[in-house]
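Before any comments, here is the structure.
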Amino acid sequence: MATRLERKYEQGTHIAEYVDEVPPLGEDRKTIFLPETDVFKMVELGGRTLGIFLTEVLAPLAEKYGDDVWEIGRKAMYEVGQRRAPTMQRRMKIDDLSDARCLGRIMDLEDNNAGVRGEWVEYGKKRAVKHEYECPQAKPYERCPKICTVLLEAMEQGTFAALGVKVKTPIITKVLPEGAPYCEVVVELED
């Protein structure tokens with residue numbers, strides 16, 4: 001059964017139909033036909049595309065300009081983390097800033113939005129650890145693992161700083177693109 005989506009805008013109307021099989025282009029040229037795909041698969045494909053995009057841009061820049069690229073990126077991603085913190089806090093109901101697992105809900109939302117699959121292996125109030133076994137960006141990031149170890153790390157640090165939480169660093173302690181069996185995220189509150 002096809003799902004039809006129609007949204008009206010001041011400038012026109014968007015009409016899309018999600019179908020089991022995309023038909024040949026026929027007389028109906030207004031409707032956008034798309035394959036019916038589960039949400040996780042769409043997120044995974046988008047994540048892989050983002051991984052390829054970032055690698056293809058950042059790897060040559062880093063080769064040409066060195067560590068300056070990572071320092072500029074680190075500062076920018078820290079700011080991204082700070083700006084997103086209030087929204088993530090509301091969305092994920094992060095209501096106990098003294099509970100590491102509650103704070104870890106940030107990673108749950110990120111992972112869901114990026115197509116990452118994993119599990120919490122430690123879930124204490126002071127320390128929570130998540131192992132991420134599958135990531136659509138892992139293969140592209142093999143060429144440029146600093147996207148994880150520098151940029152994503154800085155984003156996490158910015159998010160926690162904006163929430164007023166002090167956590168031990170690094171937060172991202174292992175990454176698939178460097179050959180680890182899983183990515184490891186550690187949310188450990190400072191004393």
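Just so it is clear, the values below take in all heavy atoms, side chains as well, and ignore hydrogens, waters and symmetry mates.
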Short question: side chain of Q89, backbone of I94 - any donor-acceptor pair under 3.5 Å?
yes
Mind checking whether V186 and V167 sit in one hydrophobic cluster, side chains of I, L, V, M, F, W, Y counted as touching below 4.5 Å?
no
Separation of Q137 CD from L54 CG (nearest 0.5 Å):
8.5 Å
State whether K130 and E110 are salt-bridged, where the test is any N-O pair (Lys NZ or Arg NE/NH1/NH2 against Asp/Glu carboxylate O) under 4.0 Å.
no
Taking it one step at a time, do Y182 and E132 satisfy side chain to side chain contact (heavy atoms under 4.5 Å, CB included)?
CA-CA 5 Å; Y182 46 79; E132 300 162 336; 5.7 Å; no
Flag yes if V165 and W120 sit in one hydrophobic cluster, no otherwise; membership is Ile, Leu, Val, Met, Phe, Trp, Tyr, and two members link when side-chain heavy atoms are under 4.5 Å apart.
yes
V116: hydrophobic cluster co-members (side-chain, 4.5 Å):
none
Kindly compute the distance separating OG1 (T159) from CD1 (I171), expressed to the nearest 0.5 Å.
8.5 Å
Spacing of E142 atom CD and L176 atom CG [to the nearest 0.5 Å]:
9.0 Å
Give the minimum heavy-atom separation between P35 and Y18, together with the two atoms involved.
O-CD2, 4.0 Å
Is it true that atom NZ of K166 has more than 12 heavy atoms of other residues, nucleotides or ligands lying nearer than 6.0 Å?
no
Exercise: identify the closest heavy-atom pair between L189 and A100:
CD1-N, 4.1 Å
What's the separation between atom CG in L103 and atom CG in D108, rounded to the nearest 0.5 Å?
11.5 Å
Please report the shortest heavy-atom distance between P136 and G47, naming the atom on each side.
CB-C, 4.2 Å
For R105 and K93, indicate whether the former's side chain and the latter's backbone hold a donor-acceptor pair under 3.5 Å.
yes
With side chain to side chain contact (heavy atoms under 4.5 Å, CB included) as the test, would you mind laying out the steps for K75 and I72 before giving the verdict?
CA-CA 5 Å; K75 288 177 183 174; I72 292 165; over 6 Å; no
One should read off an interatomic distance between Q157 CD and T169 OG1, to the nearest 0.5 angstrom, of 5.5 Å
Hey, any chance L163 and L109 share a hydrophobic cluster, counting ILVMFWY side chains that come within less than 4.5 Å of each other, even indirectly?
yes
Are more than 12 heavy atoms from other residues, nucleotides or ligands located less than 6.0 Å from atom CZ of F53?
no
With a 4.0 Å cut-off on N to O distance, would you call D191 and K126 a salt bridge?
yes
One pair to check against side chain to side chain contact (heavy atoms under 4.5 Å, CB included): E79 and Q82. What are the steps and the verdict?
CA-CA 5 Å; E79 174 66 26; Q82 289 187 311; 3.5 Å; yes
Which of M77, E156, K146 passes side-chain contact (heavy atoms from CB on, under 4.5 Å) with L151? It is M77
Please tell me if the side chains of D99 and K125 come closer than 4.5 Å, counting only heavy atoms from C-beta onward.
yes
Is there a side-chain contact between K168 and R127 in this structure, where contact means two heavy atoms from C-beta onward sitting under 4.5 Å apart?
no
Membership question, hydrophobic clusters at under 4.5 Å side-chain separation (ILVMFWY): are Y141 and I52 in the same one?
no
Cluster overlap V175 with L50, hydrophobic side-chain contacts below 4.5 Å
yes
Might you confirm whether atom OH of Y123 has over 12 heavy atoms from other residues, nucleotides or ligands at distances under 6.0 Å?
no
CZ-CZ distance between F33 and R4, expressed to the nearest 0.5 angstrom:
7.5 Å
P170 and T173 have their tightest heavy-atom pair at O-CG2, 3.7 Å
Near D67 CG, under 6.0 Å, is it more than 12 heavy atoms from other residues, nucleotides or ligands?
no
Under a 3.5 Å distance rule, please check whether E153 uses its side chain to pair with a backbone N or O of I172 as donor and acceptor.
yes
Give a yes or no on whether the backbone of H131 and the side-chain of E119 come within a donor-acceptor separation of less than 3.5 Å.
no
Using a 3.5 Å distance criterion without hydrogens, assess whether the side chain of T55 forms a donor-acceptor pair with backbone atoms of P140.
yes
For Y65, I'd like to know if atom OH has over 12 heavy atoms of other residues, nucleotides or ligands within 6.0 Å.
no
Kindly check if the number of other-residue, nucleotide or ligand heavy atoms within 6.0 Å of CD (E63) is above 12?
yes
Verify side chain to side chain contact (heavy atoms under 4.5 Å, CB included) between E44 and R117, making sure each step is shown before the conclusion.
CA-CA 10 Å; E44 190 176 295; R117 295 178 182 162; 3.9 Å; yes
Residue R7 excluded, over 12 heavy atoms near CZ under 6.0 Å:
no
Any non-hydrogen side-chain atom of W70 less than 4.5 Å from a side-chain atom of L58?
yes
Answer yes or no: is there a side-chain heavy-atom contact under 4.5 Å between I106 and M92?
no
Could you check whether any side-chain heavy atom of C148 comes within less than 4.5 Å of a side-chain heavy atom of C183, counting everything from C-beta outward?
no
Evaluate whether atom CZ of R143 has more than 12 neighbouring non-hydrogen atoms of other residues, nucleotides or ligands under 6.0 angstrom away.
yes
Do C102 and D95 touch side chain to side chain, with heavy atoms closer than 4.5 Å?
yes
